[in-house]
Structures are given as C-alpha cells and as structure tokens.
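In what follows, a single structure is set out as structure tokens and then discussed.
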Amino acid sequence: MNANEVVLSEPASPATEFPSNGSVHSPGASDLKASILLVDDRHDKLLAVETILSTLHQNIVTATSGKEALRRLLKEDFAVILLDVSMPGMDGFETAALIRQRPRCEHTPIIFITSIGNTENQISQGYALGAVDYMLTPIVPEVLRTKVSVFVELHKQTQLIKFQAEQLRQFEQYRYQQELAYVADRLEIETRRNRFFTLAQDMLAIGNFDGGLLQVNASWTKTMGYSEEELKGLTGFDVVHPDDREKLTAGLTALKSGTALPTFEGRFRHKNGSYIWLEGTATPFLEEKLIYIFTRDITRRKEAEEKIVHLNRELEHRVAALTEANAELEAFNYSIAHDLRTPLRSMSGFARALLEDETANLTPLGLEYATRVARSAKYMDSLLLDLLAYSRLARAEMVPGPVNLEEPINELLTVLDQEIRERKAKVEVNSPLGEVCAHTPTLKQILSNLIGNSLKFTAQGRPPLLSIFTSKHPGFVRLWVEDNGIGIAPEYHEKIFGLFQRLHDSNNYPGTGIGLALVKKGAERMGGRAGVESELGKGSRFWVDLPAIEPSHDRK
Ligand code: ADP
C-alpha cells in the first residue's frame, strides 16, 4: 500500500482485557507478610515476645524506646504495635499519644503491655489513647499469639483489599484510555469522511423514499439558496418545476424498487424563485430506505444550449431569407441580362449600319467612334450572354446521370479544333477518364471554360500544351485540365473563381471574368467542387471533383 494512502477502515473495538505482562499478579492473603512492632526498653522482654511471635512467620521489628518506635513508624506500616507502658523517658502512653497524631498510623492497633498491679485508672487511660487491647505480664504466649495473629490477619486483609482496589482502579483507567482511543479513532475517520462530504463541489445528499433530504452538503445551500434546515424540511416535489414533476415521480418509483438512476436531469426552484437545472445520479439502499444523491448545477450549460438552439433557428431563418433573396436576385439578373440584349442589338445594328452604309459620309474620327461603339456593343453582348449562362446554371433544374468523361471532351475538342490548330496547341487526353455522375450540358460548359482558358492564357512564343486526365478518390473522380501557360500566383487561387474577377488586361487576354465562377457554380450544383494548383509562370492545373458512379449505378 502506498504510504500516502488514507485508509478509512473502522477502528478496532476497545480492548476489554487488561494486558498481562506477568508482572501484575494478584497475591493471596497468605502470600503477604505483615510487620509487627515491639517496643520495650528491656532487651530480654523484647526477645521473649519475639520468640513467642516467631511462629507466626511475620516480619518482627523491635524498638527499645518510644523515640525509636516513632522513627520506625515513619518508614513502615505495621499490622500491630506491642507497646510497653513503663519505659524510662517517654513512657508507653506518651508514645501512643504521639503515634495517634500521625495520619499514617492513627488507626494502627496498639496493644499495651503492662504488669499486673497497675491500676484500673492506667488501663482506662490506655484505652483513651487508642489502645485496642491490654496484655498483662507475665504474658501467656498462646494468648499473645492469638491476639496478634487476629490483627495480623486483619492487616493482611486490609492490604489485600487495598491491592485489589488499586488493581481495579488501574484496570478501569486502562479501559477508559482504550475507550478514549477508540472514540478518537472513530472521530478522525468520521472527520475525514465528512471532509469529502463538506468539501465536494458537487451537491451531495442523502434522501429518503418520500423525496425528502436528510443530509445535504454546503454546495446545496450555496446553489439552491435555502438554509440546510429549510432544505431538510422540503421534498423534491415542493420545488420541482411543474414540467419535470412527472419525471421526478417516475425516478422515485424506480429508486424505491431498487433501480439506480445512472443519470437524471430536472429543474428545481431556487429560494429566489428562479429555476436551477440539476443533473446527477441517484442510488437507493433498500434496507436503509435511503437514497444517495450526487448532483450538479448545469443551469449555465442549459442556458448556453438553449441559446445555441435559438441561434441555430435564427440562422436557419436567415439562410432561408438569403436563399430567397438570392433566387430573386438571380431572377432579376437573368431578366436584366435578357432584356438588355434587345436595345444592345439595336445599338450594334446601327453601329454596323454606319460602318457599312455610311462610310462615305463619315469623317475618319466618326468612323473610329462608330468602330468603338460596335466593339463595345459586341463585348457587352458576350458579357450579357455569359451572365445569362451563369444565371441559367444557378437556376436550372439539374438531373445528373452517368456520363463517360471522354464523350463530352471529344465533342468539345471537335468544336475547338480550328482554334487548337490556329494556336498550334497540342491536347493530350489520358484515356480512360472514367465515368461520373453529372449533368452533361453543365459539364460541357465547365470543360469549355477550362479548356478555353488553357488555350487563351499562354505565354508568347510558347505553343499551348494541354493534358486532360483524371485521378480516382473515395466517392469522387477528379478531372484535371493542365496547361503550360502563364500560371497564377497562389494568392489569387480562390479569388479567380469569383464573378468578374480577372487578373489580366483584356487587350492581350479578352474575357468577361465569368468563366471560372460558372465552373465553380456548375461543379457545386452537381455535388462537386473546383480548384486550381498553379504558380506564376509555371502553368496551371485546374481540377473539378465530380461524384463517382457507385457500382449500383453502373449501366448495363
Ligand atoms: P475570363 O477568362 O473571361 O477572363 P475567367 O473567370 O475564366 O474569366 O478567369 C478569371 C481569370 O483567371 C482570368 O482572367 C485569368 O486572369 C485567370 N485564369 C483563368 N484561367 C487561367 C489559366 N489557365 N492560366 C492562367 N490564368 C488563368
């Protein structure tokens, strides 16, 4: 496992057994040895008592004065003190009085030893000082042993209880610490889990089967505007958009049957009254009757989508309007070009009449003017004819069919035969060219323009060399018309396909600037495209893409 991985497993339950390392063991009363303090100024008496008590196998400590006894008591606990009453200096009573003043031994049993003949008065004084018993000398060994052993036993029991109490306290303390550690572990794990919940950007929630929310993270309050308490008091049905209510009901029904919703989308009311688009997933837990919900605000995305739909609709309207306007313009263009030819015919007719019938009546300047009028009228007529051809091409209904490319090309070369010869041109046709789906008259118009241009735009002194060939591509055939002419700089490759675009002066290269516009329009109308590859001075290769004949269209 990676050292940085965070493990969110449950902590082990707190230990209920006190760990045993062998050092703690609970002794029995018999294991303990009690200490007995003998106090007497006479060594022989001390020895006698010590001998009597030795059979008890306890720890016997002797002191020969009250002072020494007090010193001993400072260091050790005793089960019982045997105190001689009559001692020189500090007697037994004075010693007992001092013993009782010390908290450590205020309850230690004291047995006074005194000789017979002491007064009753002395005995009661002894009791007043806390003596628990009296022994009169001469001592009867059995009696002394019995009395002392009672106190020894009592002391041992007390010690045992104290020991057990201490052990119990230690065990309780240990258990308490274990519980504390367990709770601390749990708390840490919960805190980490909660961090995911509270820090998530997404809206996380736990809901019930009625559509209510039991727990929500901060993103909910931020997105929906309600406080956590308000959210917990609402159900989805209180805030769902009327149009999405049915969807919510269906979703909840599916969840209640145990089916997770991999994705859902709907509008829910913000506190300010606006609707927020939410998108997410929901997973039910049938046993707990809980639903785990992950959602996010997609209002912006939805608004953008709606805007795009709106813009698209607007665009469609505009395209329709433009198409209509274009059609009107083309119709207008056609009718103008058509109608202009009538007055033009009369202009060129009168110019010709002047030049043919009135030459004698005209001055040389008048003759030149009439020549110019005739030439301009001729140019204008070819312009109008080209415009009419273009308009027709744009408007005409076209039903393309299979065309073997060699047929229109050979036909055209026959028509152009004289011009080819005059220009000393050479035309190579790289058969077979293949079949395309085209509209033959339009295809002829295209080829006529391309071949015508290749024959026209040639460098002086260099006879035109034309090559016509095709290349096959998926779905279409590319027809090439290559020449060795003056070529076209790359920056004009697109421009020349526009209406009235000409790169050369009309003295050297006459023309109307409509031919290539017609090529482009025609190719497009047949479902193809047109273009050129060329460099200035290095010839040109014009191409037209035309739909290839699919095998099913093959003629039998
Ligand atoms: P036009 O031939 O009547 O001038 P086009 O539309 O056919 O008009 O051609 C537009 C212009 O493109 C021509 O005027 C000429 O400058 C250039 N062009 C067309 N074909 C060629 C060619 N094969 N070689 C060089 N320039 C050409």
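Order of listing sets the numbers, starting from 1, for every ligand and every atom in it. Because only heavy atoms are used, hydrogens play no part in the values below, and waters and symmetry mates are left out as well, while side chains stay in. Index from 1, following the sequence. Worth saying up front: this structure is predicted, and the values here are computed from it rather than measured.
Two residues are said to be in side-chain contact when any heavy atoms from C-beta on lie closer than 4.5 Å; Phe197 and Leu204 meet this criterion.
Under a 4.0 Å heavy-atom criterion, Ser540 is in contact with ligand 1. Under a 4.0 angstrom heavy-atom cut-off, Ile514 registers as being in contact with ligand 1.
Taking atom 26 (N) of ligand 1 as the reference point, the nearest protein heavy-atom neighbour is Ile488 CG1, 3.4 Å. Given atom 23 (N) of ligand 1, the protein heavy atom at minimum distance is Asp483 OD2, 2.9 Å. The nearest heavy-atom contact from the protein to atom 16 (O) of ligand 1 is His504 ND1, 2.6 Å. Here the heavy atom of the protein found nearest to atom 1 (P) of ligand 1 is Gly513 N, 3.6 Å. For atom 19 (C) of ligand 1, the nearest non-hydrogen atom of the protein is Asn453 ND2, 3.4 Å. Of all protein heavy atoms, the one lying nearest to atom 12 (O) of ligand 1 is Ile496 CG2, 3.5 Å. Of all protein heavy atoms, the one closest to atom 4 (O) of ligand 1 is Arg502 NE, 2.6 Å.
Using cut-offs of 30° and 60° for the angle between ring planes, the Phe285 and Tyr292 rings count as perpendicular.
The pair Glu303-Lys307 does not meet the salt-bridge criterion, since no charged nitrogen lies less than 4.0 angstrom from a carboxylate oxygen. For Glu230 and Lys271, the salt-bridge test passes: some basic side-chain N is under 4.0 Å from an acidic carboxylate O.
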### Message
Please determine whether salt bridge (Lys or Arg N to Asp or Glu O under 4.0 Å) holds for the pair Arg372 and Glu368, giving the CA-CA distance in whole Å, both sets of side-chain angles, and the decisive distance to 0.1 Å.
### Response
CA-CA 6 Å; Arg372 283 194 188 188; Glu368 194 197 321; 3.1 Å; yes
### Task
Could you walk me through whether Arg301 and Glu305 pass the salt bridge (Lys or Arg N to Asp or Glu O under 4.0 Å) test, one step at a time?
CA-CA 6 Å; Arg301 196 184 83 198; Glu305 279 172 8; 3.4 Å; yes
### Query
For Thr223 and Asp297, what are the C-alpha separation, side-chain angles and deciding distance, and is it a side chain to side chain donor-acceptor pair (under 3.5 Å)?
CA-CA 7 Å; Thr223 310; Asp297 178 2; 5.2 Å; no
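Side chain of Asn208 to main chain of Gly211: a donor-acceptor pair is present (N/O by atom type, distance under 3.5 Å, no hydrogens or angles).
Looking at ligand 1, you won't find any N or O of Phe457 less than 3.5 Å from one of its N or O atoms. The shortest N or O to N or O distance between Gln501 and ligand 1 is not below 3.5 Å.
Only the side chain of Phe542 comes within 4.0 Å of ligand 1, counting heavy atoms alone; its backbone N, CA, C and O stay farther away. By the criterion of a heavy-atom distance under 4.0 Å, both the backbone and the side chain of Leu516 are placed next to ligand 1.
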